[in-house]
Amino acid sequence: MGSLPPSLDLPSPPPKNPQHERVSETTLFNLFKAQQGHLNYFFQNLDLSQALSFTETLLNSRGTIFFSGVGKSGFVANKISQTLVSLGIRSAFLSPLDALHGDIGALSAADILVLFSKSGSTEELLRLIPCARAKGVYLISVTSVPKNALANACDMNVHLPLERELCPFDLAPVTSTAIQMVFGDTVAIALMGARNLTKDQYAANHPAGRIGKSLIFKVKDVMKKQDELPVCKEGDLIMEQLVELTRKGCGCLLVIDVEYHLLGTFTDGDLRRTLKASGEAIFKLTVGEMCNRKPRTIGPDAMAVEAMQKMESPPSAVQFLPVIDRQNTLIGIVTLHGLVSAGL
């Protein structure tokens, strides 16, 4: 066999690291334990009265809650802002550099500006403060170093207790950003509860993702109906319904009476078991004689994710659920394939 053309040569695996560059399990475990200790220090020393004042101030905001920060703190500030937006709270990230070049025009006297900085001495934020103050914005600093310049210049300060960074030099911002994120996201969930945000309201802000689909989609939105249903009567011979059993792609027959009430189901698994047990006698058997008279069912207004959970529940998983109304009238069928195809 000839060699591959140069353009199709597979890359070589990366060379193994020298012994001194490897990380041992013990080292990694000790780092996680150390970080856990640093986070516990934050939880044990956080001033809850400050946290509550901060949360209530955001809750009472009648304008937009702006967040700002530089570097890693800026990433955290941006993420917390996005969390609030996803909860239906008016919020935005304000880059301190862009603010000084025109974006500060977005601020108004009804707004709040939250400034994240570990040291409280970030030059870009300190330059932003007098400009924001001139717009009448309420200023809040969130810092970890006591008695800093940013805290002194703002209307409110929240101190996030920091024992030290996990970095061996106590320099790389890894623990400080972790507690910033924990603090901001916890406050966001507190605001979510205070505003009595419902699942439907939350889902409305996430329509495209799996979260939204699981909270928005109902069975009636994803079920097959009318001509798509593999229906038959209980007096029909099994062998005469083989085409109907396979061509609708549901893996079953839905057995109904003349008024479309569901009587039972007959699956391709039932067909195999009946053929094995009855042999040639299957040619004389009716669907009604061999169908399951107590199938799992679901209503049209149930959540689609509930249908998936019901399919997977004990004693054994099923691939479909007939959809019936309160009068046991068949109106559709929801399949596991259909739910997966819908993104659930």
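- Closest of all the heavy-atom pairs between A51 and T55 is O-OG1, 2.8 Å.
- Using modelled atom types and a 3.5 Å distance limit, the side chains of N157 and S141 yield a donor-acceptor pair.
- Remark: side-chain polar atoms of E228 are paired, donor with acceptor, to backbone N or O of K225 under 3.5 angstrom.
- Put simply, the side chain of E244 does not reach to within 4.5 Å of the side chain of C232, judged on heavy atoms.
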Please assess Y138 against M156 for the test side-chain contact (heavy atoms from CB on, under 4.5 Å), listing each intermediate value before the final yes or no.
CA-CA 8 Å; Y138 190 80; M156 176 188 293; 3.8 Å; yes
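- There is a path of hydrophobic side-chain contacts, each under 4.5 Å, that joins L59 to I65.
- Within 6.0 Å of atom CZ in F75, 12 or fewer heavy atoms from other residues, nucleotides or ligands are found, so the atom counts as exposed in its surroundings.
- H38 is listed as a side-chain neighbour of R164, based on a closest heavy-atom distance under 4.5 Å.
- Residues L321 and I333 are members of separate hydrophobic clusters, defined by side-chain heavy-atom contacts under 4.5 angstrom among Ile, Leu, Val, Met, Phe, Trp and Tyr.
- No chain of hydrophobic side-chain contacts below 4.5 Å, direct or via other Ile, Leu, Val, Met, Phe, Trp or Tyr residues, connects V145 to L115.
- The shortest side-chain heavy-atom distance between L229 and K248 does not fall under the 4.5 Å cut-off.
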Walk me through it: do L100 and C131 pass the test side-chain contact (heavy atoms from CB on, under 4.5 Å)?
CA-CA 8 Å; L100 297 175; C131 306; 3.9 Å; yes
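- Distance alone, capped at 3.5 Å, places no donor-acceptor pair between the D170 side chain and the L166 backbone.
- No side-chain donor from either of T329 and E259 sits under 3.5 Å from a side-chain acceptor of the other.
- Summarising the geometry, atom SG belonging to C154 is positioned 8.5 Å from atom CG belonging to L125; distances are rounded to the nearest 0.5 Å.
- When side chains are defined from C-beta on, T122 does not count as touching L150, because their heavy atoms never get closer than 4.5 Å.
- Here the OG1-CZ distance, from T177 to F116, works out to 11.5 Å after rounding to the nearest 0.5 Å.
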Could you walk me through whether D270 and T267 satisfy the side-chain hydrogen bond (donor to acceptor under 3.5 Å, both in side chains) test, starting with their C-alpha distance in whole Å, then the side-chain angles of each, then the deciding distance to 0.1 Å, before giving a yes or no?
CA-CA 5 Å; D270 293 328; T267 67; 3.2 Å; yes
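- Between Q319 and T335 the shortest side-chain heavy-atom distance does not fall below 4.5 Å.
- Taking hydrophobic clusters as Ile, Leu, Val, Met, Phe, Trp and Tyr residues chained together by side-chain heavy-atom distances below 4.5 Å, L254 does not share a cluster with M223.
- Side chain of N30 to backbone of T27: no donor-acceptor contact under 3.5 angstrom is found.
- Atom CG in L263 sits 6.0 Å away from atom CZ in R293 (nearest 0.5 Å).
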Give the intermediate values and the outcome of side-chain contact (heavy atoms from CB on, under 4.5 Å) for residues R273 and K276.
CA-CA 5 Å; R273 287 185 287 272; K276 182 178 180 180; 5.8 Å; no
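- One N or O on the side chain of E165 and one on the backbone of S176 form a donor-acceptor pair closer than 3.5 Å.
- Judged by distance alone, the side chain of S313 and the main-chain N or O of K310 form a donor-acceptor pair under 3.5 Å.
- Within the 3.5 Å criterion, the main-chain N or O of A153 finds a donor-acceptor partner in the side chain of R133.
- In summary, the side chains of S117 and S73 do not present any donor paired with an acceptor at a separation below 3.5 Å, with no hydrogens or angles considered.
- Counting non-hydrogen atoms of neighbouring residues, nucleotides and ligands closer than 6.0 angstrom, the CD atom of E289 exceeds 12 such neighbours.
- Of all heavy-atom pairs spanning A106 and D111, the tightest one is O-OD2, 3.7 Å.
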Full working for side-chain contact (heavy atoms from CB on, under 4.5 Å) between L191 and L87
CA-CA 9 Å; L191 295 175; L87 301 178; 5.7 Å; no
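- Between T246 atom OG1 and L271 atom CG the span is 10.0 Å, to the nearest 0.5 Å.
- Of all heavy-atom pairs between M290 and I238, the closest is CG-CD1, 3.8 Å.
- Under the 3.5 Å distance criterion, the side-chain polar atoms of D155 are matched with a main-chain donor or acceptor of L139.
- In summary, the side chains of N78 and S81 do not present any donor paired with an acceptor at a separation below 3.5 Å, with no hydrogens or angles considered.
- Residues S91 and V85 come closest through the heavy atom pair O-CG2, 3.3 Å.
- A donor-acceptor pair under 3.5 Å is absent between the side-chain atoms of D98 and the main chain of S95, judged by distance alone.
- V231 places a side-chain heavy atom less than 4.5 Å from the side chain of Y260.
- The side-chain heavy atoms of F320 and C252, taken from C-beta on, include a pair separated by under 4.5 Å.
- Within 6.0 Å of NZ in K135 there are more than 12 heavy atoms belonging to other residues, nucleotides or ligands.
- Other residues, nucleotides and ligands contribute more than 12 heavy atoms inside 6.0 Å of the NZ atom of K79.
- Rounding to the nearest 0.5 angstrom, the gap separating the OG1 atom in T265 from the CD1 atom in I256 is 13.5 Å.
- Contact detail for V287 and F266: the closest heavy-atom pair is CG1-CB, 3.8 Å.
- Judged by distance alone, the side chain of S68 and the main-chain N or O of L94 form a donor-acceptor pair under 3.5 Å.
- With F183 as reference, F54 is the one residue of F43, F42, F54 to meet the ring-ring contact (aromatic ring centres under 6.0 Å, His included) rule.
- Between K118 and L160, every side-chain heavy-atom pair lies at or beyond the 4.5 Å cut-off.
- Expressed to the nearest 0.5 Å, how far CE of M181 lies from OG1 of T186 amounts to 11.0 Å.
- By the criterion of side-chain heavy atoms lying less than 4.5 angstrom apart, applied directly or through intervening Ile, Leu, Val, Met, Phe, Trp or Tyr residues, I89 is grouped together with V158 in one hydrophobic cluster.
- Remark: N60 CG is packed, more than 12 non-hydrogen atoms of other residues, nucleotides or ligands lying under 6.0 Å away.
- Nearest heavy atoms, P300 versus K218: O-CB, 4.0 Å.
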Under the side-chain hydrogen bond (donor to acceptor under 3.5 Å, both in side chains) criterion, do Q35 and T175 qualify, and how do the steps go?
CA-CA 7 Å; Q35 183 74 313; T175 305; 2.6 Å; yes
